[in-house]
Every structure is written in structure tokens, then in C-alpha cells.
Trainee: 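Shown below is the structure under consideration.
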Amino acid sequence: MSKIVLCRPRGGLNDLLCQIEPCWRYCIDYNRKLIIDSSASGLLDDFFNYFEPRDNEIIYARPEWLKKIILFLSSRRMSKKYYIDLWAKLCSTVRSITLSPDQRSLDSNYLSKRETFNMEVPHEKKILIHHMAGGGDKSIQCLERLKFTKKVSDEIINRLSKIEKSYSAVHIRNTDYQTDYVPFFEDIAPKVKGKNLLICSDDHACIEYAKKYFVDSRIMITSTIPDTDGKPLHSNKNLDRYQTNLDALVDLVALSLSDELHVCSHVKGELSGYSMLAMNLNTQKELVWELLRQN
């Protein structure tokens, strides 16, 4: 069996990409295969339903034992005990799995523990595990290695074709992070007056308020966000995961391609990872088109 890195990122979309990138780089540097298990992230789904590597020679491998884990994890009827038992059975057949750096055997604690390994040096263990959250700007480097699947790309392009070509955009995160968006709207209203204005948010009520507030702008939306009573869209098992994740990617691309992007900090004075990612992509529109390109 080839030496591998099992990357099991936690957190939302930006965190997910930021955690994949150093694992990818490590695999290039030390000749390993990269396996991505995104079932513990906000996607709650298989990463490869949405993305694929641009270079088919790159370091991807998804063995059958991991596919089984992802399949069972996505089942809403599965109990935690059943999942733990499944892990134990599978791991007993892959005896080389250990957790670095302390080399504890992989067990049910893998469900919740955050684990990683020293990425500055080579390791002899056949399977290294990176199970962490955390954001930043490495998401851009990760996206430079990827493109959307054809199905996702086609849907994004289809929805973009239905909105005006020149527009400003607003993003407000207002579920798990709370945002004081009313004064934010008051501040940007003069800047977007008379313009096509795309509104993106994870909060249904916020979008409805924006539609009524920006009476001097032509409001557009690219996704229909359900009313979750303030619960976040990511990590929400009660929603159709593919549709929810697709909506997030459509909105991300639409925000990124806007002429002018306005994002609102949450009440602690920081931007969400998703907002940061949209802002970074807004300055690198060619990268967005590369993600959509299928040839």
C-alpha cells in the first residue's frame, strides 16, 4: 500500500480548503497519496461531488474502505454507536493506521479529536492523519489545484446567466455568527443606489429584509435560502446537503464576480471565513473562471 495522508478537515468551506492545502503540499514534497474525507466538515458530503483536481496526475486516492465510511456517515439513520463499530471493524483491517505524533491506535476517539502531524519532516508511518479546523488564505492556493465538477460548473453558469452582467454584491453571515446588518445596510445604501445588487446570506430573514430595504436598487439573488430559524446552513443534517452546498458555491462565485463587493463583519469585529474567501476571489476573477472551465 502506498503511503498516504488522510485529511479529515473540520469547519466551513474556507476552513476545509485551508486544511486540505498543507496536506496536499506535504504529499507532493514526500511522495504520498492524499485522501480527503470531508464528512466531518460543514459539507457533510463527499468533497469530490463538487471539486476535482485539475491535474489528473496529482495525488488523489480514495480506497473502498473510505468510501464506505463516507457512505455510512451520510446516512441520517445511522447511530453514533454503529459508526464507531464500523470504524473499529475497518481499522482492524488496516493495521498500519496510527495517530501521529503520539502513535495512539485509531479508535472511536477519532470521531471528535483534533489530530495532526509534523509537516516539516518525513514520516515512516504509512498513514498520517490530519483532522483539524482553521481558516486563513491558503484556501486560494488549494483552489488553484482544483476545478468544479462539470455538474456543479454547469449549474453555476446556468444561474449566473439569469442575472445582470454588471452588479454590486453584499454578503451577510448571520446564523452561527451574529451580524448587526441594519447599520451596515444604512452605510452602503448610498453606494449601491440605482445599481443591480446581489444579496447573499445564510439567513433567510436577512435576505427578506434586504429586499425591502434597498428600494433604490435592483435586487438579485442566485440561491433560494431556506428559513432555518437561525440555524447555520453548513453542518445542518436536516437539509439536502448537495443542494445546500451547491447554493453556497453558486453564491460564492457570484459574489466573486461582482464589480463591487460589500461584506459585513460579525459582532466580534471579524469576517467569516466564507466572506474572506469571497473577497479574496473577487480580486482574482481569473481563478474563478478557471474553476468553472471544463476543457
Trainee: Mind checking side chain to side chain contact (heavy atoms under 4.5 Å, CB included) for A189 and listing every partner two or more places apart, or none if nothing turns up?
Mentor: Y213, F214
Trainee: In Å and rounded to the nearest 0.5 Å, what is the CZ to CD distance from R173 to Q178?
Mentor: 10.5 Å
Trainee: Would you mind writing out the side-chain donor-acceptor pairs for residues 164-171 within the sub-3.5 Å range, not counting sequence neighbours?
Mentor:
unit_1 : atom_1 : unit_2 : atom_2 : d
S166   : OG     : D259   : OD2    : 2.7
Y167   : OH     : A254   : O      : 2.6
S168   : OG     : E260   : OE1    : 3.3
H171   : ND1    : S275   : OG     : 2.7

Trainee: Evaluate N174 against Y209 for side-chain contact (heavy atoms from CB on, under 4.5 Å), listing each step before the verdict.
Mentor: CA-CA 12 Å; N174 195 56; Y209 183 87; over 6 Å; no
Trainee: Start with the C-alpha distance between V192 and H262, add both sets of side-chain angles, then the distance that settles side-chain contact (heavy atoms from CB on, under 4.5 Å), and finish with yes or no.
Mentor: CA-CA 10 Å; V192 300; H262 304 277; 3.8 Å; yes
Trainee: Could you pull out all residues at least two apart from N14 that satisfy side chain to side chain contact (heavy atoms under 4.5 Å, CB included)?
Mentor: C18, S139, L277
Trainee: Report yes if the side chains of L281 and L287 come closer than 4.5 Å at any heavy-atom pair, otherwise no.
Mentor: yes
Trainee: How close do A210 and I219 get, counting heavy atoms only, and between which atoms?
Mentor: O-CD1, 4.3 Å
Trainee: Please list all pairs meeting ring-ring contact (aromatic ring centres under 6.0 Å, His included) that have one or both residues in residues 134-158, counting only residues at least two apart or in different chains.
Mentor: F51-F148
Trainee: Got a second to check how far I172's CD1 is from I199's CD1, nearest 0.5 Å?
Mentor: 5.5 Å
Trainee: Give me each pair satisfying salt bridge (Lys or Arg N to Asp or Glu O under 4.0 Å) with a member in residues 133-144, each pair once, sequence neighbours excluded.
Mentor: none
Trainee: What's the spacing between H266 NE2 and T179 OG1 if we round to 0.5 Å?
Mentor: 7.5 Å
Trainee: Do I28 and R145 make a side-chain contact, defined as non-hydrogen atoms from C-beta onward lying under 4.5 Å apart?
Mentor: yes
Trainee: With M119, which residues qualify under side chain to side chain contact (heavy atoms under 4.5 Å, CB included), at least two apart?
Mentor: P22, C23, Y26, T116, F117, H130
Trainee: Might you point out which heavy atoms bring M276 and G136 nearest each other, and give the distance in Å?
Mentor: CE-O, 4.4 Å
Trainee: By the salt bridge (Lys or Arg N to Asp or Glu O under 4.0 Å) test, which pairs, at least two apart or in different chains, include something from residues 151-163?
Mentor: K150-D154, E155-R159, R159-D247
Trainee: Is Q19 reaching over with its side chain to a backbone N or O of G134, donor-acceptor style, under 3.5 angstrom?
Mentor: yes
Trainee: How close do R241 and G42 get, counting heavy atoms only, and between which atoms?
Mentor: NH2-O, 2.9 Å
Trainee: Would you please name every residue forming a side chain to side chain contact (heavy atoms under 4.5 Å, CB included) with P190, sequence neighbours left out?
Mentor: none
Trainee: Should the heavy atoms of other residues, nucleotides or ligands under 6.0 Å from CG of N31 be counted, would the total exceed 12?
Mentor: no
Trainee: Return the CG to CG distance between L6 and D37, rounded to the nearest 0.5 Å.
Mentor: 6.0 Å
Trainee: Whether the S258 and N282 side chains hold a donor-acceptor pair (N or O, under 3.5 Å, no angle test) is what I'd like checked.
Mentor: yes
Trainee: What's the shortest heavy-atom distance between L146 and R54, and which atoms?
Mentor: O-NE, 2.6 Å
Trainee: Look up atom CG in D46 and atom CD1 in I36, then write down how far apart they are to the nearest 0.5 Å.
Mentor: 9.0 Å
Trainee: List the residues meeting side-chain hydrogen bond (donor to acceptor under 3.5 Å, both in side chains) with K193, not counting sequence neighbours, and say none if there are none.
Mentor: none
Trainee: Should S201 and I225 be marked as a side-chain contact (heavy atoms from CB on, under 4.5 Å) after you check the CA-CA gap, both sets of side-chain angles, and the distance that decides it?
Mentor: CA-CA 8 Å; S201 176; I225 303 301; over 6 Å; no
Trainee: Could you please spell out the steps behind the side-chain contact (heavy atoms from CB on, under 4.5 Å) verdict for I156 and L292?
Mentor: CA-CA 8 Å; I156 293 175; L292 293 166; 3.8 Å; yes
Trainee: List for me each residue that meets side-chain hydrogen bond (donor to acceptor under 3.5 Å, both in side chains) alongside E290, sequence neighbours excluded, and say none if there are none.
Mentor: R293
Trainee: Would the number of heavy atoms belonging to other residues, nucleotides or ligands and lying under 6.0 Å from CD of E186 be above 12?
Mentor: yes
Trainee: Going by heavy atoms in the side chains, are T149 and F48 under 4.5 Å from each other?
Mentor: no
Trainee: Which atom pair, heavy atoms only, marks the closest approach of I20 to C142?
Mentor: CG2-SG, 3.8 Å
Trainee: Are L249 and L13 side-chain neighbours, meaning at least one heavy-atom pair lies under 4.5 Å?
Mentor: yes
Trainee: Can you check whether D187's main-chain N or O pairs, donor with acceptor, with K191's side chain at less than 3.5 Å?
Mentor: no
Trainee: What residues form a side-chain hydrogen bond (donor to acceptor under 3.5 Å, both in side chains) with D216, not counting sequence neighbours?
Mentor: none
Trainee: If you define the side chain from C-beta out and look only at heavy atoms, does anything of S41 sit under 4.5 Å from D15?
Mentor: no
Trainee: For S153, which residues count as a side-chain hydrogen bond (donor to acceptor under 3.5 Å, both in side chains) partner, sequence neighbours excluded?
Mentor: none
Trainee: Roughly how far apart are F185 CZ and C264 SG, rounded to 0.5 Å?
Mentor: 7.5 Å
Trainee: Go through the side-chain N and O atoms of Y50 and N245 and say whether any donor and acceptor fall under 3.5 Å apart.
Mentor: yes
Trainee: Where is the tightest heavy-atom contact between W24 and P53, given as atom of each residue plus distance?
Mentor: CH2-CB, 4.3 Å
